[in-house]
Number of protein chains: 2
Amino acid sequence: MAKGTSKSGEITINDIAKELNIAASTVSRALNNSTKISEATKQKVRKVAEELGYEINLVASSLSKNKTNLIGVVIPNINSQFFAHALSGIQEEAKAAGYNVIISQTNESYEQEVEVMKVMNSARVDGLIVSLTMETKSTDHFNALVRKSVPIVMFDRVNFSVPGPKIVVDNYEASFKATQHLIGNGCKRIAHLAGNLSCKVFEDRAEGFKEALNKNILPLLPQFLLACDLNEKDTREAMKLWMSLDERPDGIVVASASSGLMIASIARSYGVTIPGDLAIISLGNERCNELMIPSISAVDMPGSEMGKAAAINLIETIKTGHIEDRIILKPIQLLMRNSTFKMA
Amino acid sequence: MAKGTSKSGEITINDIAKELNIAASTVSRALNNSTKISEATKQKVRKVAEELGYEINLVASSLSKNKTNLIGVVIPNINSQFFAHALSGIQEEAKAAGYNVIISQTNESYEQEVEVMKVMNSARVDGLIVSLTMETKSTDHFNALVRKSVPIVMFDRVNFSVPGPKIVVDNYEASFKATQHLIGNGCKRIAHLAGNLSCKVFEDRAEGFKEALNKNILPLLPQFLLACDLNEKDTREAMKLWMSLDERPDGIVVASASSGLMIASIARSYGVTIPGDLAIISLGNERCNELMIPSISAVDMPGSEMGKAAAINLIETIKTGHIEDRIILKPIQLLMRNSTFKMA
DNA sequence: TAAACCAATGCAAACGCTTGCACAAAATAA
DNA sequence: TTATTTTGTGCAAGCGTTTGCATTGGTTTA
């Protein structure tokens, strides 16, 4: 039946055209449900397409339409629960809107982020969803995309010098509330394990922490505010320092979920009881937090929600072609669990 | 300077060609470092390309070469730690080899898996990495790809009726060892919370469990082998049943990490102490397992390793064009933790 | 010095789809 | 009936690269 198949062995619209003795353009229009084609022809075309097992070649279509239906996602890593949820949310929304998702992780490396931008550029993505590395200061590597008016949506780790929608949470508020919660539960010597302060997210969290202490006329001891990369090594060192003090902290606000869990675990190895001797709350929530004993209080950052919002806003921007600098603030949630109830 | 830019506003090799008064084909060959082009010309071309900010259009290149440098990844979901690690491993290897990764989740739905295959087909991926849904029985939806000799590598949830490399662990062994470990620690009434038994992975795990009991002349009570979807609801129901028995199990082998964590948490709500009253070991390890108190024993399934192996094997298959039915067995690791030491 | 060869480049077709424009036939208006 | 519009299709160019096959001028061989 199918005789005129292409060189590559794929069925093309030409095969369908030949089979029906009509023009390829008619087939194309029929498959795209153009109003200019009669219902009868559409039926015939669809039937033959089905029979031959035709599947559109999106590469050719993309080239011709100058539109790939591809969304690029660039995140620091896939392994963190927050980003995995975000990615999942993005993918769901993209799929629903007929977009494919092409993904690359930067491993928190600025250099890799720069490289990835070139790849996304070459792939001619219709739009980009990005969460920056902790290292990223300059955004020059976005210029090529920006100049071409490729929509870029940033979430969580954003930078306002790149135009486009931003999906964020109020990190200042999150940290403020978390600290306030510790204070409300009787903590007097509260420490904060911060991330890289040159990254806005962590700067805001540190600020919220400081402000809460300030509002409550509690002292901020310099050694009680430690900035680090929040990996296991740094976390361990911070705890070592704090545990070596005569006046140990009686409460810690941790800037990431994973570090928070580590701290709970490390604390035990120092014979410290939670929450009795030490209350812990983390900025960022993982499923673990609720399963641990004691369960670990946290401020939940809605990863999936943020991912979905990013995708929805990106797709809208792609469709309207209108790049807006709107900021979408996603609500956070204080999850009070056993690690912070000294009275319990 | 750049005057002859294309309709789409992008810099093309034609722009470079015009600038240098040479043919586009020469530019193409120069940029691809063909031996037929003089070093002098290559230099000039590279210089102008750089100046104009040229980035190759992979869409056009793909169409022309009939090769997309795209790897499709199809997994049940991104949120599970195992699959997130696998995806991460895949992406790293793909990037290193110059491939892009396009990803779609099936949400454990066979129907969605079928749909996704069409998309991957249309996207003309050079190869596919797949982990099947629990529901998947037929593999007819792979036929279109198989017929076109598109390499397909399956990992973890595999089906041998689709040709190509398979990356797996020995689930029978994992479960056997886990059960054996419980028995070695004095458990007499061991239960198994299994997954969907029509899925080979879970069937093997159930078999390993049964065989271990058998080898040790321990009885297999019918109500002690429960198959379910391993979600929260099912896990809770299974525990409800077990906890209602006169003779409760004194050890449980759980077919997934997440269910294992849930069971530990649920057990406590029944006032059961771990490991005293009940030992728990899960097939699959998450970071949580080690942080919980007590820490939860597990058999580690190396997600990242499997993902990397999948990518490496896929890329090799793409390059050689030779689809082999090899099976790559990744080693598992029994992580003995506090949830299984009754004597401790 | 003519014949043969090689190195470097150009020409043009091809990849499979989309789309503006032209065109014929059919339907409507005058 | 003729003029005009509408409807459905076809033609062919174009998207940006790649690549087989000339072509050119220069170098080697006989």
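Chain letters run A, B, ... following the sequence lines, proteins first, then strands; residues in each count from 1. Worth knowing before you read on, the calculation uses all heavy atoms, side chains too, and leaves out hydrogens, waters and symmetry mates.
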**Q** In terms of side-chain heavy atoms of A/A60, which of D/dT17, C/dG16, C/dC11 is nearest?
**A**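 Out of D/dT17, C/dG16, C/dC11, the nucleotide with an atom closest to A/A60's side chain is C/dG16.
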
**Q** Quick check for you: to the nearest 0.5 Å, what is the distance between B/L145 atom CG and B/M117 atom CE?
**A** 6.5 Å

**Q** For the base of C/dC11, is there a side-chain donor-acceptor partner from B/S25 under 3.5 Å away?
**A** yes

**Q** Under 4.0 Å, counting only non-hydrogen atoms across every strand here, what does A/K65 touch: a base, just sugar-phosphate, or nothing?
**A** sugar-phosphate

**Q** Checking all strands, does B/S28 fall into the base, sugar-phosphate, or nothing category for heavy-atom contacts under 4.0 angstrom?
**A**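 Base contact - B/S28 has a heavy atom under 4.0 Å of at least one base atom.
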
**Q** More than 12 foreign heavy atoms under 6.0 Å from CD of A/Q43: is that the case here?
**A** yes

**Q** Please tell me whether A/Q105 and A/N79 have a donor and an acceptor in their side chains that are separated by less than 3.5 angstrom.
**A**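 No.
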
**Q** Please determine whether any donor N or O and acceptor N or O are separated by less than 3.5 Å between the side chain of B/S64 and the base of D/dT17.
**A**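 Such a pair is found, so the answer is yes.
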
**Q** Look at the side chain of A/R29 and the base of D/dG10, then say whether one donor and one acceptor between them are separated by less than 3.5 Å.
**A**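 Such a pair exists between side chain and base.
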
**Q** Of all the choices, D/dT18, C/dG10, C/dT19, which nucleotide is nearest to the side chain of B/S61 once you look at every atom?
**A**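 The closest nucleotide is D/dT18.
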
**Q** Would you sort out whether A/K47 and A/E19 count as a salt bridge (charged side-chain N to carboxylate O under 4.0 Å, His left out), showing the intermediate values?
**A** CA-CA 11 Å; A/K47 180 154 167 289; A/E19 188 77 17; over 6 Å; no

**Q** Which stems, defined as runs of 3 or more consecutive Watson-Crick or G-U wobble pairs with both pairing distances under 3.5 Å, involve DNA chain C?
**A**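 Correct response: C:1-27 with D:4-30.
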
